[in-house]
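Written below as structure tokens is the structure these notes are about.
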Amino acid sequence: MEKTVNQKAWFLVLPVLILVAFSAVIPLMTVVNYSVQDTFGNNQFFWAGLEWFDEMLHSERMWDALGRQLLFSGIILAIEIPLGVFVALNMPKSGFWSSLCLVLMSLPLLIPWNVVGTIWQIFGRVDIGLLGHTLDALGIDYNYTQDTLAAWVTIVVMDVWHWTSLVALLAFAGLKSIPDAFYQAAKIDQASRWKVFRYIELPKMMGVLMIAILLRFMDSFMIYTEPFVVTGGGPGNATTLLSIDLVKMALGQFDLGPAAAFSIMYFLVILLISWVFYTVMTTIDRREG
Amino acid sequence: MKINSRAVVMTLYLLFLLLPIYWLLNMSLKTNTEILNSFTLWPRDLTLANYATILTDPAWYMGYVNSLIYVCLNTVISLAVALPAAYAFSRYSFMGDKHLFFWLLTNRMAPPAVFALPFFQLYSSVGLFDTHIAVALAHCLFNVPLAVWILEGFMRGVPKEIDETAYIDGYSFGRFFVKIFMPLIASGIGVAAFFCFMFSWVELLLSRTLTTVDAKPIAAIMTRTQGASGIDWGVLAAAGVLTIVPGALVIYFVRNYIAKGFALGRV
């Protein structure tokens with residue numbers, strides 16, 4: 001749509017600007033402030049320059065957490081995106097069953113995050129949980145508080161459980177917007193099921209899939225509550241993702257300087273990757289008109 | 001016999017989704033003795049005592065009230081500021097609009113963990129600590145950008161000729177917006193409200209950091225069950241089940257728009 005140039009439109013944006021400035025810019029400046037200062041308590045601060053950044057960049061703890069975080073986000077994207085598309089392709093297109101599927105699938109999305117953690121914490125326990133008990137009965141050694149692999153499997157499965165529906169719903173919305181004529185044309189051409197998917201459904205879903213990847217990447221990169229409730233970052237530091245590490249540092253040990261420097265770098269990483277996704281997304285948007 | 005593979009896939013997937021929830025429900029209806037001493041697939045000794053504990057103790061049920069208050073406040077504030085902004089983004093081009101839009105989105109990308117401590121200090125210093133409005137404002141950080149994004153997507157679908165016709169007919173901007181434009185994007189407003197509700201309802205880190213007693217959300221109160229005598233599993237499960245209820249109700253109302261909403265109006 002052709003947009004009119006109108007500078008007065010700024011007035012309409014002003015409330016948002018003020019509100020977001022209050023709740024984002026001021027706190028962010030506090031973080032910047034801390035990141036360049038040191039304190040001995042008593043609210044006495046002095047200039048520390050880029051010392052904290054330097055320290056954090058050479059801190060093994062942060063690189064380890066970043067590595068685990070990238071691994072986690074990578075794994076869940078690799079599972080959730082294909083699985084979500086697969087589920088969407090199998091969903092009933094309309095009618096009662098379609099509505100029922102939509103409602104049931106959205107259910108995990110609206111459960112408070114720490115309850116999600118609690119659900120899986122209980123579900124995976126060997127003594128009282130269905131999953132843990134079944135695995136134990138099958139003779140599989142499974143204990144998510146002791147064993148690194150079990151802890152990872154648990155938080156990955158939990159995230160798949162929690163968020164695959166989001167991808168599926170997005171993909172489903174994309175599929176529903178494809179006109180029937182496309183499928184009829186494919187039928188006349190005797191296109192195989194795979195070709196229909198590859199040349200009709202996938203390109204039409206690209207826009208929404210980009211949103212799905214963007215949302216899932218951002219949210220998995222900031223994940224805190226669910227793994228914290230289930231494993232508390234353990235065993236050892238095996239599941240200490242970036243946010244968990246940051247909260248430990250800022251609110252637990254009150255190391256404001258390093259935590260602030262950490263925050264800023266953390267935010268910049270997310271921003272950079274999201275910017276790439278966003279640019280790709282808007283390009284696709286524009287190409288489709 | 002012909003097996004419908006679609007139905008099989010969907011059944012398996014829904015089973016995977018519902019099993020953990022069923023298990024929570026199952027536990028909430030058992031006594032602690034049954035939970036800990038015997039492994040049962042359904043409650044043998046059906047009891048509602050766990051729910052009674054929650055619904056009769058103000059320390060428990062006020063958690064739900066607190067959560068609902070700040071969630072609703074947040075939804076109203078987010079929509080009120082996002083509506084005009086989304087209109088501006090969808091209709092006009094102005095200096096710096098694209099940068100502004102991306103900057104707004106970056107706030108949706110900001111990790112709450114980064115903001116927890118600064119928020120705590122900011123709201124303490126302005127005397128809003130432990131109030132509902134503090135949590136509602138804090139949640140605006142990610143809900144306002146999201147609402148703007150969704151609404152802009154829906155508004156883009158409304159032809160511009162409608163605006164122009166209304167202005168020719170002598171409508172003022174305010175009257176046009178409320179009388180004509182808002183009914184046209186009613187489903188978009190519903191979807192945006194749903195998302196604000198959802199993300200505010202599920203968030204814990206910020207709401208827990210910003211409250212101590214008076215506005216403490218239910219999700220934070222749930223940690224109370226870890227008492228000296230171990231965890232009260234039954235009550236914990238019951239509290240968990242009750243947190244699912246409001247979400248399930250809201251989903252039911254927007255079920256027909258949910259898919260489009262998740263696509264942020266961009267289908």
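Lettering follows sequence order; numbering is per chain, from 1.
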TODO: Among T30(A), L107(A), T225(A), single out the residue with the greatest number of heavy-atom pairs under 4.5 Å to chain B.
DONE: L107(A)

Task: Heavy-atom pair of closest approach, residues N6(A) and F94(B) - done: O-CB, 3.4 Å

Open item on the list: Tell me which of these, F228(A), F262(A), F221(A), F86(A), has more heavy-atom pairs under 4.5 Å with chain B than the rest.
Closed with: F86(A)

Task: Region of L17(B) in contact with chain A, defined by heavy-atom distances below 4.5 Å - done: both

Task: pair Y34(A)-Q121(B): side-chain heavy atoms closer than 4.5 Å - done: yes

Task: Spatial distance of atom CG (L109(A)) from atom CD1 (I251(B)) [nearest 0.5 Å] - done: 7.0 Å

Task: Where F267(A) and P111(B) come nearest, the two heavy atoms and their spacing - done: CD1-CD, 4.0 Å

TODO: With the side chain counted from C-beta on, respond yes when I111(A) and I21(B) share a heavy-atom pair under 4.5 Å apart, and no when they do not.
DONE: yes

- [ ] For atom OH of Y167(B), decide whether the heavy atoms of other residues, nucleotides or ligands shown that lie under 6.0 angstrom number more than 12.
- [x] yes

- [ ] Would you mind reporting whether L28(A) and F115(B) have side-chain heavy atoms less than 4.5 Å apart?
- [x] yes

- [ ] Tell me, for D219(A) versus chain B, whether the close heavy atoms (under 4.5 Å) come from the side chain, the backbone, both or neither.
- [x] side chain

- [ ] Side chain from CB out, backbone as N, CA, C, O: work out which of these in W275(A) comes under 4.5 Å of a heavy atom of chain B, or both, or neither.
- [x] both

Task: Over all atoms of both residues, closest heavy-atom pair of G129(A) and W23(B) - done: CA-NE1, 3.6 Å

TODO: Select one option (side chain, backbone, both, neither) describing which atoms of L19(B) are under 4.5 Å from chain A's heavy atoms.
DONE: both

Task: Which atom of L215(A) lies closest to which atom of R108(B), heavy atoms considered - done: CD2-NH2, 3.9 Å

Donor-acceptor pairs under 3.5 Å, side chain of residues 8-24 of chain A to any protein atom, not counting sequence neighbours: which ones?
from	atom 1	to	atom 2	distance (Å)
W10(A)	NE1	M95(B)	O	3.1
S23(A)	OG	L19(A)	O	3.2

Task: Largest heavy-atom contact set with chain A, pairs under 4.5 Å, which of Y22(B), F89(B), Y87(B) - done: F89(B)

TODO: Can you tell which part of S243(A) gets under 4.5 Å to a heavy atom of chain B, answering side chain, backbone, both or neither?
DONE: both

Task: Main-chain N/O of P92(A) paired with R6(B) side-chain donor or acceptor, under 3.5 Å - done: no

- [ ] Pick one of side chain, backbone, both or neither for V116(A), based on which atoms fall under 4.5 Å of a heavy atom in chain B.
- [x] neither

Task: chain A interface, residue from P118(B), P112(B), S93(B), A85(B) that has the most non-hydrogen pairs under 4.5 Å - done: S93(B)

Open item on the list: I'd like to know which of L89(A), I223(A), L130(A) tops the heavy-atom pair count under 4.5 Å against chain B.
Closed with: L130(A)

Please output the side-chain donor-acceptor pairs of residues 163-173 of chain A that fall under 3.5 Å, not counting sequence neighbours, one pair per line with the distance.
from	atom 1	to	atom 2	distance (Å)
T164(A)	OG1	V160(A)	O	2.6
S165(A)	OG	M105(A)	O	2.9
S165(A)	OG	Y13(B)	OH	3.0

